[in-house]
Amino acid sequence: MPNEILALEAKFWQAMCDEDINAAIAMLDSEAAVAGMHGIGHFDHAGYKRMAEQGGAKIISFKFSDEKVIFPTPDVAIVTYTVEQTFDLHGEPHQMTSYDTTTWVRKNGAWLAAVHTETPRPVDPDEDED
């Protein structure tokens, strides 16, 4: 079952890359939350659609590593991973590595994303940025 959750996580990221808002919404719980460097957000499907349509960023590519899935109960899955992503922000390319967590809940047989967190990897001042 961990592979099923990892596949769903990748499918959600690919929906964001493809700007397929409806595919992403189909994987979201009716009420969801996100926490990251821009704060905390709560949204329903209509709220996610507004967010996705108004955002100035577009994910170009992503690569997961260090993935792990735990099941605190049979109907709750928590996936953690490191993600390297390339994205376009207002016409400028950027890269970022972050530590992400998504909580998936199973409702009526379907796994839905309920909570996502993103913590950017701290920049090492000694690291060469070339």
Side-chain angles (χ1 to χ4, degrees):
M1 198 177 311
N3 288 339
E4 178 184 4
I5 301 301
L6 292 171
L8 284 169
E9 192 72 23
K11 184 177 177 182
F12 192 91
W13 276 80
Q14 190 59 53
M16 290 189 298
C17 284
D18 296 342
E19 298 183 283
D20 189 343
I21 296 169
N22 291 328
I25 288 172
M27 290 183 274
L28 288 173
D29 200 355
S30 58
E31 187 175 0
V34 64
M37 65 182 174
H38 298 293
I40 297 170
H42 296 90
F43 49 86
D44 58 10
H45 290 173
Y48 179 85
K49 184 174 184 173
R50 279 191 303 276
M51 234 179 8
E53 289 174 343
Q54 294 171 358
K58 179 190 180 331
I59 297 171
I60 306 299
S61 65
F62 64 93
K63 180 181 176 190
F64 297 158
S65 61
D66 306 319
E67 305 101 317
K68 180 160 176 82
V69 180
I70 59 174
F71 294 89
T73 70
D75 292 327
V76 175
I78 300 169
V79 59
T80 60
Y81 53 94
T82 300
V83 61
E84 294 178 38
Q85 58 183 295
T86 303
F87 58 97
D88 180 285
L89 181 61
H90 304 296
E92 292 188 31
H94 295 272
Q95 291 183 320
M96 181 173 81
T97 300
S98 62
Y99 309 113
D100 286 25
T101 302
T102 304
T103 301
W104 293 82
V105 295
R106 185 166 38 194
K107 292 185 174 180
N108 300 318
W111 286 102
L112 301 169
V115 179
H116 181 76
T117 67
E118 180 175 83
T119 304
R121 184 183 74 190
V123 175
D124 183 344
D126 296 328
E127 199 174 273
D128 186 6
E129 294 189 26
D130 288 337

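Linking ILVMFWY residues whenever their side-chain heavy atoms come closer than 4.5 Å, directly or via other members, leaves Val76 and Ile5 in distinct clusters. Both Leu8 and Phe64 are members of a single hydrophobic cluster when ILVMFWY side chains are connected at heavy-atom separations under 4.5 Å. Connection of Phe71 to Trp104 is established within a shared hydrophobic cluster, with ILVMFWY side chains joined at heavy-atom distances below 4.5 Å, either directly or through further cluster members. Residue Phe12 is grouped with residue Leu6 when hydrophobic side chains (ILVMFWY) are merged at heavy-atom distances under 4.5 angstrom, including chains of intermediate members.
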> Given the rule in the side-chain contact (heavy atoms from CB on, under 4.5 Å) test, do Leu112 and Met27 qualify, once you have shown the distances and angles that lead to the verdict?
Replying inline: CA-CA 5 Å; Leu112 301 169; Met27 290 183 274; 5.6 Å; no
> Passes side-chain contact (heavy atoms from CB on, under 4.5 Å), Glu84 versus Phe62? Steps please.
Replying inline: CA-CA 6 Å; Glu84 294 178 38; Phe62 64 93; over 6 Å; no
>> Quick one, Thr102 with Glu9, criterion side chain to side chain donor-acceptor pair (under 3.5 Å). Give me CA distance, side-chain angles, the key distance, then yes/no.
In response: CA-CA 8 Å; Thr102 304; Glu9 192 72 23; 2.8 Å; yes
> Does the pair Thr97 and Val83 meet the rule for a side-chain contact (heavy atoms from CB on, under 4.5 Å), with working shown?
Replying inline: CA-CA 6 Å; Thr97 300; Val83 61; over 6 Å; no
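To the nearest 0.5 Å, atoms CZ (Phe87) and CD1 (Ile59) are separated by 8.5 Å. Separating the CD atom in Glu118 from the CG atom in Asp100 is a distance of 4.5 Å, to the nearest 0.5 Å.
Between Pro122 and Tyr99, the shortest heavy-atom contact is CD-CE1, 4.2 Å. For Thr101 against Ile78, the heavy-atom pair with the smallest separation is CG2-CG2, 3.6 Å. Of all heavy-atom pairs between Ala35 and Ile40, the closest is CB-CG1, 4.2 Å. Met1 approaches Trp111 most closely through the heavy-atom pair SD-CZ2, 3.7 Å. Heavy-atom minimum distance, Ser98 versus Pro120: CB-CA, 3.8 Å. Gly47 approaches Asp44 most closely through the heavy-atom pair N-OD1, 2.7 Å.
For residues 16-39, the side chain to side chain donor-acceptor pair (under 3.5 Å) pairs, not counting sequence neighbours, are Gln14-Asp18, Asp29-Lys107. Residue pairs meeting the side chain to side chain donor-acceptor pair (under 3.5 Å) criterion with at least one member in residues 50-63, sequence neighbours excluded, are Ser61-Thr86.
A donor-acceptor pair is defined here as one N or O able to donate and one able to accept, closer than 3.5 Å; such a pair exists between the side chain of His45 and the backbone of Leu28. Looking only at distances, a side-chain donor or acceptor of Arg106 sits under 3.5 Å from a matching main-chain atom of Pro74.
Lys68 has its side chain out of reach of Val79: every pair of non-hydrogen atoms, C-beta onward, lies at least 4.5 Å apart.
In this structure, a donor-acceptor pair under 3.5 Å is absent between the side chains of His94 and Asp88.
Between Trp13 and Tyr81, the ring planes lie perpendicular to each other; the angle is over 60°, past the 30° to 60° tilted range.
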